[in-house]
There are 2 protein chains.
Amino acid sequence: MYRSNTCGELRITDVNKEVTLAGWVQTVRKFGAITFVDLRDRYGITQLLFSEELNPQLDENPLGREFVLQVKGTVAERSNKNKNIPTGDIELNVTGFTILNKSAVPPFTITDETDGGDDLRMKYRYLDLRRNAVKRNMELRYAVNRSTRNYLHENGFMDIETPFLIKSTPEGARDFVVPSRMNGGQFYALPQSPQTFKQLLMVSGYDRYYQIVKCFRDEDLRADRQPEFTQIDCEMSFVEQEDILNMFEGLVKQIFKDVKNIDYTDVVERMTWEDAMWNYGNDKPDIRYGMKIANLKKPSSVYTNKQDLASLINGADFKVFDDAETVLAIAVPGCSEYTRKQTDELTEWVKRPQIGMKGLVFIKCNADGTYKSSVDKFYSEERLKAIADAANAQKGDLVLILAGAEERTRKATSELRLEMGERLGLRKKDEFKLLWVLDFPLFEYAEDENRWVARHHPFTSPKPSDIGTMINNDPVITNAEKYLEHPYAGIKANAYDMVLNGNEIGGGSIRIYQRELQEKMFSALGMSEEEALHKFGFLLGAFEYGAPPHGGLAFGFDRLCAILGGSESIRDFIAFPKNNSGRDVMLDAPSSIDDKQLDELQIKLDVKNQVKSQN
Amino acid sequence: MYRSNTCGELRITDVNKEVTLAGWVQTVRKFGAITFVDLRDRYGITQLLFSEELNPQLDENPLGREFVLQVKGTVAERSNKNKNIPTGDIELNVTGFTILNKSAVPPFTITDETDGGDDLRMKYRYLDLRRNAVKRNMELRYAVNRSTRNYLHENGFMDIETPFLIKSTPEGARDFVVPSRMNGGQFYALPQSPQTFKQLLMVSGYDRYYQIVKCFRDEDLRADRQPEFTQIDCEMSFVEQEDILNMFEGLVKQIFKDVKNIDYTDVVERMTWEDAMWNYGNDKPDIRYGMKIANLKKPSSVYTNKQDLASLINGADFKVFDDAETVLAIAVPGCSEYTRKQTDELTEWVKRPQIGMKGLVFIKCNADGTYKSSVDKFYSEERLKAIADAANAQKGDLVLILAGAEERTRKATSELRLEMGERLGLRKKDEFKLLWVLDFPLFEYAEDENRWVARHHPFTSPKPSDIGTMINNDPVITNAEKYLEHPYAGIKANAYDMVLNGNEIGGGSIRIYQRELQEKMFSALGMSEEEALHKFGFLLGAFEYGAPPHGGLAFGFDRLCAILGGSESIRDFIAFPKNNSGRDVMLDAPSSIDDKQLDELQIKLDVKNQVKSQN
């Protein structure tokens with residue numbers, strides 16, 4: 001060992017001990033003939049005192065930032081204590097030192113607030129990882145990992161590794177593929193998730209499985225997506241939805257306790273997908289605050305079980321509302337005194353292309369009980385009050401109303417709600433609110449192909465009460481315009497998402513375990529019998545030999561860590577992330593490979609769009 | 001939940017309880033009007049008793065092997081107890097049952113000794129995994145995983161995930177590569193190990209890192225190799241070899257304790273590579289038994305620090321020994337009375353192509369103190385006794401002597417020693433003996449390219465005392481015949497292998513952490529400066545900014561589990577293994593992919609050897 005102690009370890013009780021430390025030079029400060037050095041390692045910082053006698057040696061071996069140093073010395077009480085660090089009561093009187101390695105001047109400062117830009121920090125990721133802020137993220141990630149494993153172990157789950165070189169069965173996202181040298185012309189795929197394997201493990205009787213595992217999706221990368229990402233992947237046998245919800249809200253509560261020391265004692269709320277969309281315009285609502293949507297007008301066929309409040313706005317000859325498919329309102333607390341400039345700015349905000357609305361109607365619920373709106377021409381004060389009441393507005397609130405086509409308007413209202421929540425400080429970083437969203441539609445309509453696609457994935461079971469509807473109807477959509485009237489549009493999935501502060505952190509479902517129903521699902525998705533057998537023959541086969549009822553879920557591990565760490569960006573929580581072009585700029589990967597490698601793999605390049613060469 | 005209890009849970013104290021079980025039908029036995037069913041799940045087997053009243057229901061819903069069954073009933077004491085299973089005191093008086101899923105007749109029996117052949121079991125791996133024997137292996141694997149994580153956690157190691165889509169830097173084995181759709185003509189590689197990343201993490205100050213991680217090598221598969229395999233991968237900073245040896249023999253001892261309940265209190269033996277080769281002919285000797293090699297004659301240049309016993313055999317005009325580069329002997333205990341037939345059989349055994357010797361000389365050390373050999377013509381009884389004594393032979397032993405070229409003869413002697421150990425029952429499955437092998441040569445000579453290759457890998461440090469030799473000499477080999485006289489041939493690595501019962505289960509080294517030395521290493525391996533920068537520029541760069549002294553090791557997780565499970569085959573300890581052609585016969589992967597996929601990836605097939613199509 002190059003050290004007897006770490007740089008975070010020594011205390012006042014260690015005074016007079018002879019110790020050896022090793023670490024990195026954080027700072028060098030000269031006071032007259034004396035030199036102070038802050039020595040840093042993973043565990044902390046210890047102040048070193050080089051007295052005058054060491055000056056000849058220091059002159060010969062000058063210290064610089066990020067040098068790797070081994071020092072021997074005696075622990076001494078500091079005259080000038082530093083209460084901000086655990087070692088702040090002591091310093092080390094250095095008796096001798098060795099420079100273990102020198103350092104060039106780093107391209108950016110190794111401090112919490114660094115002067116390095118994103119690109120520079122990615123290229124020198126090994127230096128960025130030295131910063132305390134980044135190190136804390138890695139430690140948090142490991143703590144979540146550890147807590148997860150402990151909880152699942154105590155609940156009888158087994159970590160069972162599933163293969164990475166599997167079969168390409170593109171359905172949903174694109175696979176990354178791996179050419180096989182030994183089987184010319186054939187390819188492995190990297191798993192998008194271990195979905196079918198964990199189901200096979202249930203068929204094999206393993207009962208409770210988990211893995212913290214890398215998954216791969218070759219998608220066009222939007223901000224904050226990574227081509228490789230990590231899942232907490234779980235599956236259980238002989239369970240119903242209720243068992244899974246209980247087991248995994250338990251997991252997240254345990255993580256809160258272990259990682260954030262938060263006792264999450266609230267009952268975890270549950271909400272149907274339809275309620276989430278109806279009240280929040282979103283299937284992953286942030287329920288840390290209210291501001292629920294008032295549905296003033298709903299389209300004819302999307303929400304079959306909901307009543308709108310159309311009478312409140314009808315008959316006023318206000319063409320914007322009359323022509324709209326959907327009219328939605330939210331009450332923003334305490335904003336009735338917004339100026340014209342402020343309401344204009346909000347109007348511009350909803351008209352941005354990302355939101356895409358044509359305009360914004362507002363009602364000010366003044367403190368004196370009067371109402372003032374941008375549609376006073378069409379609505380009496382009494383009618384304005386009725387609308388505001390429907391939106392649960394209080395005196396002093398500002399009601400915002402959007403109107404237009406259902407999907408866009410609902411999404412815009414949801415975005416507006418989140419924006420106003422943000423502006424009003426209602427989305428607190430240190431407040432955590434869990435929610436289960438349940439009863440998703442099993443199918444989504446793919447307009448371009450005029451067919452059904454699985455909203456979750458093709459292995460999700462319909463609600464037991466909907467199995468008959470699924471089996472007994474032809475999935476073909478004869479009238480594309482009226483797809484919502486097809487019996488399949490109403491089938492609900494036995495699926496659930498876990499939402500934390502407006503982010504989907506996990507999701508799963510009770511699975512299909514009967515061959516007949518699984519075949520019907522494949523055919524509903526437009527797969528021929530032959531294709532289904534080619535791609536998923538092993539699973540259909542497995543269902544012939546005693547498949548148990550089973551279900552599970554997967555958490556997005558990177559996202560979960562980011563939210564717990566109070567960050568929007570998953571990249572900050574990945575040791576070696578890729579950039580938005582899927583490149584590792586530190587390694588400079590991907591890169592070209594030798595002709596010999598291509599030759600052995602029996603493939604040739606066929607490049608149409610030359611990429612700029614990278615350094 | 002479909003059950004109130006598992007099939008392994010109920011005891012005599014549960015008698016009269018009303019319970020619900022779910023599981024698989026192991027057996028159905030009729031005794032007159034009564035039906036006994038053994039119901040199996042992950043946790044055990046419970047006997048079910050279907051009384052006469054259930055016969056109409058059973059007639060309507062007949063049970064078969066591997067059906068998935070849910071039963072309600074009352075726990076009752078058995079009249080005929082089964083002491084072999086934990087639930088053997090009770091049975092369940094069934095009051096009602098539901099068939100949750102039927103099963104076709106399985107292609108092989110789900111029993112410890114199955115009638116299924118290898119191929120069939122691989123194709124229906126999900127059924128093979130149901131067998132108790134396989135399940136025990138998976139449980140053992142998880143126990144090793146859990147024990148490893150606990151030990152490393154307690155010792156301050158952090159699990160940090162490293163990327164899977166990295167840069168291709170073929171050096172040693174072939175990389176699997178992944179075409180990048182977003183960067184046409186470029187490829188990622190799958191990691192052969194996280195070697196450079198864990199070193200970067202040390203440069204970043206993470207101090208103690210570990211991962212249980214998949215690695216990938218595209219090698220021609222010999223028996224019991226897998227294209228994807230799992231490593232326990234570890235790295236530490238500010239350590240010397242001694243620290244690593246202590247830390248990781250501690251890990252293996254903990255695993256012994258947790259998984260096998262063995263207190264491994266012996267001091268773990270240590271042996272130099274040269275001693276291992278000299279005494280056992282092998283760098284991973286099985287030291288559960290003696291039978292050490294007596295070196296009767298050694299080649300001129302391989303072992304510089306060893307003295308042979310040439311005087312014992314010289315001057316006898318025995319041409320076989322006189323012409324041989326190497327003559328080696330072992331004493332096999334208690335075999336002096338081998339018949340002519342038996343010694344002939346051994347001679348045939350060493351002449352097999354896998355062993356490749358021309359013949360075998362033996363000396364029988366008879367119980368009466370006389371000596372009898374196959375070379376009596378050349379050696380007096382006195383000389384035979386001297387040779388036998390040198391081999392540590394006792395009365396009743398049989399000395400076996402091989403002669404020929406060094407490498408082949410030493411290997412053959414090692415094989416013969418292992419074979420005789422096996423035949424004599426000295427290699428006991430339930431005896432575990434650990435060993436560190438140290439001081440490996442840093443370089444190996446690659447005859448075909450007349451250059452040095454790294455024996456371990458290019459990041460392994462030479463012994464501190466050999467750094468000067470490495471820096472100050474030109475690596476070029478001018479005289480290929482006398483490569484052993486090149487200064488590089490004598491450089492020892494700061495490397496160590498952990499050996500368990502004759503298997504290498506782990507290995508590692510103290511790493512190079514100085515840019516200059518790392519550059520010298522790359523150049524010694526025949527890499528140009530440009531090539532070194534292209535492939536490993538990020539690492540050389542990292543060494544500029546304060547790299548600490550560090551080292552680590554990796555255990556072969558699959559192999560470790562197999563040995564602990566008493567098996568020769570790692571496949572038995574992998575949930576979904578591939579066959580010897582790298583195929584997953586259950587999935588039928590690898591397989592062809594769509595033209596659309598190829599097109600998006602901007603590659604074309606260029607198949608020279610058409611593979612037979614697979615089903």
Side-chain angles (χ1 to χ4, degrees), chain A residues 1-3 22 24 42 66 68 101 103-104 126 129-130 142 145 158-160 163-168 176 178 180-188 200 203-205 207 214 218 228 238 243 538 542 544-548 575-576 582 586-587 589-591 593 602-607 609 611, chain B residues 1-3 22 24 42 66 68 101 103-104 126 129-130 142 145 158-160 163-168 176 178 180-188 200 203-205 207 214 218 228 238 243 538 542 544-548 575-576 582 586-587 589-591 593 602-607 609 611:
Chain A
M1 273 287 181
Y2 283 76
R3 64 188 175 203
W24 286 262
R42 171 179 152 194
E66 301 305 318
V68 185
N101 220 340
S103 174
Y126 46 86
L129 283 166
R130 280 188 193 164
Y142 177 49
N145 179 323
M158 266 173 84
D159 180 347
I160 303 177
F164 279 71
L165 297 172
I166 66 166
K167 183 169 179 157
S168 184
F176 281 105
V178 181
S180 166
R181 181 180 56 85
M182 302 224 282
N183 304 272
Q186 301 193 337
F187 293 77
Y188 301 99
L200 290 180
V203 173
S204 300
D207 207 87
K214 275 282 172 77
D218 185 11
E228 50 175 308
F238 299 117
D243 306 307
F538 61 96
E544 297 259 299
Y545 295 103
F576 298 101
M586 178 187 75
L587 299 180
S591 62
I593 59 173
Q602 308 187 46
I603 57 173
K604 272 184 177 165
L605 299 186
D606 182 30
V607 180
N609 310 304
V611 201
Chain B
M1 274 287 181
Y2 282 77
R3 64 189 175 204
W24 286 262
R42 170 178 152 195
E66 301 305 318
V68 186
N101 219 340
S103 173
Y126 47 83
L129 282 166
R130 280 188 194 165
Y142 177 50
N145 179 323
M158 266 173 84
D159 181 345
I160 303 177
F164 279 72
L165 296 173
I166 66 166
K167 184 170 179 153
S168 184
F176 281 104
V178 181
S180 166
R181 181 180 55 87
M182 301 224 283
N183 304 272
Q186 300 193 337
F187 292 77
Y188 301 100
L200 291 179
V203 174
S204 300
D207 208 90
K214 274 282 173 79
D218 185 11
E228 51 175 308
F238 301 116
D243 306 308
F538 60 95
E544 299 258 298
Y545 294 102
F576 299 100
M586 179 188 73
L587 298 180
S591 63
I593 59 174
Q602 309 186 46
I603 56 173
K604 271 185 178 166
L605 299 186
D606 182 29
V607 180
N609 309 305
V611 202

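Since the model is a prediction, treat every value here as computed from it, not as a measurement. Lettering of chains follows the sequences in order, A, B, ..., and the numbering in each one begins at 1.
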**Study point:** Heavy-atom closest pair, residues B:M586 and A:L200
**Key:** CE-CD1, 3.4 Å
**Study point:** Reported CG-to-CD distance for the pair A:L605 and B:Q186, which is rounded to 0.5 angstrom
**Key:** 10.0 Å
Revision key, fill the gap. Residues A:I603 and B:I603: closest non-hydrogen pair is CD1-CD1, 4.3 Å
Exercise for review: Find the one option among A:F538, A:Y188, A:F176 whose heavy-atom pairs under 4.5 Å with chain B are most numerous.
Suggested key: A:Y188
Check your understanding: Just how far is it from atom CZ of B:F576 to atom CD1 of A:I166, taken to the nearest 0.5 Å?
Key -> 11.0 Å
**Study point:** Residue among A:A575, A:G582, A:A542 with most heavy-atom pairs under 4.5 Å to chain B
**Key:** A:A542
**Study point:** Heavy-atom contact with chain B under 4.5 Å, split by part of A:I160
**Key:** side chain
Study note, to complete from the structure: Heavy-atom nearest pair, A:P590 first then B:N183, reads CG-ND2, 3.6 Å
Exercise for review: Measure the CD-CD distance between B:E66 and A:E544 for me, rounded to the nearest 0.5 Å.
Suggested key: 14.0 Å
Point to revise | Interface residue of largest heavy-atom contact number with chain A, from B:R42, B:R3, B:K214, under 4.5 Å | key: B:R42
Exercise for review: Determine the interplanar angle of the B:W24 and A:F238 rings, folded into 0 to 90°, and report it as parallel if under 30°, tilted if 30 to 60°, perpendicular if over 60°.
Suggested key: perpendicular
Check your understanding: What residue, out of B:P163, B:S180, B:P548, B:S591, has the most heavy-atom pairs lying under 4.5 Å from chain A?
Key -> B:S591
Revision key, fill the gap. One option among A:S204, A:A589, A:S168 has the most heavy-atom pairs under 4.5 Å with chain B, and it is A:S204
Check your understanding: Is it the backbone or the side chain of B:D243 that comes under 4.5 Å from a heavy atom of chain A, or both, or neither?
Key -> side chain
**Study point:** Atom group of A:K604 that falls short of 4.5 Å from chain B, counting heavy atoms
**Key:** both
**Study point:** Main-chain N/O of A:V203 paired with B:R130 side-chain donor or acceptor, under 3.5 Å
**Key:** yes
Review point. Is chain A contacted by the side chain of B:N145, its backbone, both, or neither, given a heavy-atom distance below 4.5 Å?
Key: side chain
Check your understanding: Given that the side chain runs from C-beta out, which part of B:L587 has a heavy atom under 4.5 Å from chain A: side chain, backbone, both or neither?
Key -> both
Review point. In terms of heavy-atom pairs under 4.5 Å with chain B, which of A:R181, A:M158, A:K167 leads?
Key: A:R181
